[in-house]
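Because only heavy atoms are used, hydrogens play no part in the values below, and waters and symmetry mates are left out as well, while side chains stay in.
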Amino acid sequence: MKTLHGIPASPGIAIGPAWLYSPDTPAVFPQLSQLTAEEERQRFSQALELAHSQLDALYEKTSREVNPDAAQIFEIHKMMLEDLDYLESIEDHISQLHTAEQAVSVTGQEFAQMLADMDDEVMQARSADVRDITRRLLGILTGQSAQPPLTTPGVVCAWDLFPSDTMQLPRQLVLGFVTEQGSHTSHTAILARTLGIPAVVGVSELTRQQLTGEVIVDGSQGLVILDPDEETMAQYRLAQESYRQQQAELAQYRDQESRTKDGVALEICANIGYPADADHVVEVNADGIGLMRSEFLYMDSPSAPDEEAQYQAYSQVLRKMAGKRVVIRTLDIGADKVPDWLDLPHEENPALGWRAIRMCLDHQALFRTQLRALLRASVHGRLAIMFPMISRLEELHRAKELLADCRRELEQAGVPVSHDIEVGMMIEVPSAALLADQFAPEVDFFSIGTNDLTQYTLAADRLNQKVAGLFDSSHPSVLRLIAHTAASAAAQGIWCGICGESAGDLSLLPFYISVGVRELSVVPGKVWELRRALSQIDSTAPLPNK
Ligand code: PEP
Ligand code: MG
């Protein structure tokens, strides 16, 4: 028995035989072509055409079986196949009388390596995409197909899984996914979560193991157990059963109202990163989206997304939520979230530095693009716009002025904009919490970001393991700030929610209710659990001592 650790990518427990998935890229040996360069060019362009139609078919299948957002990756693959540098490099090799296979193989390796060498996770993920399209072209050119498909249920173990692999595998036979590569936001992780298949990614040395026996995937803890002994197997079978039962029991909370035992209503909403995550929110029937971290759109893109792309993304989410409130937070980059296309100067203390609203107010073109996209999308649902990292009143004033300015601009141009957009702010800096009574008259709502509020209040870096013990969102100092914020909101007649991780802390729920928090926003997978806990609370009961 051997236990490997990785990143928990999709919750649940899978048990079954390991199935090592290693679709070989067809071998290509360096040789000069027997054909003319023109004939090789011809072969390549036919392969390219076929690759495009294969990708169209995959796009269709994924749109139908998962959702159009998940299918987007195959559109990206098509765009990559049209990348001029990529095509030029292939053309160069062919004109040096190499075979089309060799031209594709060498180009693919070079481009994939170049991307893999970059520090940025998003760019590294693109490297896998280059390998994926290269493998596709080589498969077509050499006529060699990938390995025989899975025919019995198994746990798919792979060095990495390309989106096309994930989609081509027979879903009903895939018990779980384990990969050596990947991160929480890699495509496999996102697809696994969307499909509800347990997954652990980033398991180092996975493919060096003997993967011939049974394997347990604990997608909630990020554990992979190879050749488990009888006792572990028995334990996990029980755990799997109780997880299933729990999910089944919790499912009854899907269509229940979010209320305490004595009838106090709270909104239990969900946090999302990508537009596709909204499907999951709809599935669990959350009361709305309490936080869409719009920076995901910026992080996962080779350049800042333009107004149209953002408009499409926000509209999609609003439409999916069909009239329920969607709080979209404006761009919060900087600190630990730096997209590759943004050349940020080095900072000694980036968490205290030039991030979120601070950067947006300095980069007005970037900010206005987002505000215009949000305003345009507002007609598709019930939009709330939220500004992050506000630490002083002037920042809020300037952000609101820019928003009003963008609205004027659009209205003058005859573009429809909703008149019911709520405008709010995150309370995640202690100064904002302390001055919540002064902020309250200026906004329609507060949403408390307890992740940052805790790190700034207790001076404990949220990313630093060494001070993880000091990072405590239930510390009395943080609770006092929450209480003051909620009371200031209530005094002004606006709502106050929490969207940091501790919104899902069941032990704090009675406290949140008692101070007047009216909305909690958690990962979609936690909505039912929170709704159940809420239904068991009597809001008139005295609070346990804290
Ligand atoms: C927070 O700080 O609590 C929050 C919700 O924002 P993020 O985690 O994205 O910084
Ligand atoms: Mg924050």
Side-chain angles (χ1 to χ4, degrees), residues 258 260 264-269 271 287-291 293 325 327-330 332 351-352 356-358 384-397 399-400 422-460 462 471-522 530 534 537 539 543 546:
S258 309
T260 61
V264 176
L266 230 85
E267 281 180 58
I268 299 197
C269 299
N271 292 351
D287 299 325
I289 289 177
L291 169 65
R293 290 180 162 97
R325 186 198 290 120
V327 180
I328 302 184
R329 174 172 79 183
T330 62
D332 180 6
L352 302 180
I357 199 72
R358 303 169 177 186
I385 298 177
M386 174 160 75
F387 299 118
M389 274 292 285
I390 298 281
S391 61
R392 32 197 320 135
L393 276 159
E394 303 86 88
E395 286 166 339
L396 179 64
H397 291 156
K400 280 173 58 184
E422 288 174 281
V423 177
M425 62 183 274
M426 293 208 53
I427 299 279
E428 53 183 345
V429 181
S431 62
L434 289 164
L435 294 184
D437 47 326
Q438 294 186 19
F439 278 104
E442 311 268 345
V443 286
D444 298 314
F445 67 94
F446 288 148
S447 184
I448 306 177
T450 44
N451 306 335
D452 278 316
L453 188 62
T454 305
Q455 98 161 333
Y456 296 135
T457 304
L458 294 167
R462 62 193 265 191
F471 184 94
D472 173 13
S473 294
S474 62
H475 191 271
S477 57
V478 180
L479 298 189
R480 272 197 197 185
L481 292 176
I482 293 176
H484 176 63
T485 303
S488 307
Q492 185 63 38
I494 63 170
W495 62 269
C496 172
I498 300 182
C499 61
E501 291 304 307
S502 67
D505 183 338
L506 303 184
S507 68
L508 289 175
L509 193 50
F511 166 79
Y512 293 152
I513 297 168
S514 74
V515 297
V517 168
R518 285 288 161 260
E519 183 249 23
L520 294 168
S521 195
V522 290
L530 200 53
L534 184 68
I537 286 176
S539 73
L543 282 185
K546 177 78 205 172

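- Between Leu534 and Leu520, the closest side-chain pair of non-hydrogen atoms is not below 4.5 Å.
- Ion pairing between a basic and an acidic side chain is recognised when a charged N comes within 4.0 Å of a carboxylate O; Glu442 and Lys400 show such pairing.
- Nearest heavy-atom pair across Val429 and Leu453 is C-CD1, 3.8 Å.
- Side-chain atoms of Glu395 come within 3.5 Å of backbone N or O of Ser391 as a donor-acceptor pair.
- Using a 4.5 Å heavy-atom threshold, the side chains of Ile448 and Glu428 count as separate.
- Looking at Leu479 and Leu508, their side chains come closer than 4.5 Å, going by heavy atoms from C-beta outward.
- A donor-acceptor contact shorter than 3.5 Å links the side chain of Asp444 to the backbone of Val423.
- Taking both residues in full, the closest heavy atoms of Tyr456 and Pro430 are given as CB-CD, 3.4 Å, listed atom of the first, atom of the second, then distance.
- When side chains are defined from C-beta on, Met386 counts as touching Met426, because their heavy atoms get closer than 4.5 Å.
- By the 4.5 Å heavy-atom criterion applied to side chains, Thr260 and Leu266 are not counted as neighbours.
- Separation of atoms CE (Met389) and CG (Asp332) is listed at 7.5 Å; rounding is to 0.5 Å.
- Residues Val522 and Leu530 are in side-chain contact: their nearest non-hydrogen atoms beyond the backbone lie under 4.5 Å apart.
- Contact check on Arg325 versus Glu422 returns a salt bridge, with a Lys/Arg side-chain nitrogen under 4.0 Å from an Asp/Glu carboxylate oxygen.
- When all heavy atoms of Phe445 and Ala384 are compared, the closest pair comes out as CE2-CB, 3.8 Å.
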Inset, instruction - Tell me, with the steps shown, if Phe439 and Leu396 meet side chain to side chain contact (heavy atoms under 4.5 Å, CB included). - result: CA-CA 9 Å; Phe439 278 104; Leu396 179 64; 3.8 Å; yes
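- A pairwise comparison of heavy atoms in Tyr512 and Ile498 identifies CE2-CD1, 3.3 Å as the closest pair.
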Inset, instruction - Give the C-alpha distance, both sets of side-chain angles, the deciding distance and a yes or no for side chain to side chain contact (heavy atoms under 4.5 Å, CB included) between Ile427 and His484. - result: CA-CA 11 Å; Ile427 299 279; His484 176 63; over 6 Å; no
Inset, instruction - Please report the C-alpha distance between Ile289 and Val327 in whole Å, then the side-chain angles of each, then the deciding distance to 0.1 Å, and finally whether the side chain to side chain contact (heavy atoms under 4.5 Å, CB included) criterion is met. - result: CA-CA 6 Å; Ile289 289 177; Val327 180; 5.7 Å; no
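- A donor-acceptor pair shorter than 3.5 Å can be found between the side chains of Ser473 and Thr454.
- With hydrogens and angles disregarded, no donor-acceptor distance shorter than 3.5 Å links the side chain of Asn271 to the backbone of Gly290.
- Considering CG of Asn451 and OG of Ser502, their distance stands at 7.0 Å, rounded to 0.5 Å.
- Between Ile482 and Thr450, some side-chain heavy-atom pair lies under the 4.5 Å cut-off.
- For the atom pair CG of Asp287 and SG of Cys269, the computed distance is 5.5 Å after rounding to the nearest 0.5 Å.
- Rounded to the nearest 0.5 Å, atoms SG (Cys499) and CZ (Arg293) are 7.0 Å apart.
- Contact detail for Glu519 and Val517: the closest heavy-atom pair is O-CG1, 3.4 Å.
- Remark: Gln438 CD to Ser431 OG distance equals 11.0 Å, nearest 0.5 Å.
- Of the possible donor and acceptor atoms, one in the side chain of Gln455 sits under 3.5 Å from a partner among the backbone N and O of Arg462.
- In this structure, Ile494 and Ala440 approach most closely via the heavy-atom pair CD1-O, 3.8 Å.
- One finds the CZ atom of Phe387 at 10.5 Å from the CE atom of Met425 (value rounded to the nearest 0.5 Å).
- Side-chain atoms of Leu435 and Arg392, non-hydrogen and from C-beta on, never get closer than 4.5 Å to each other.
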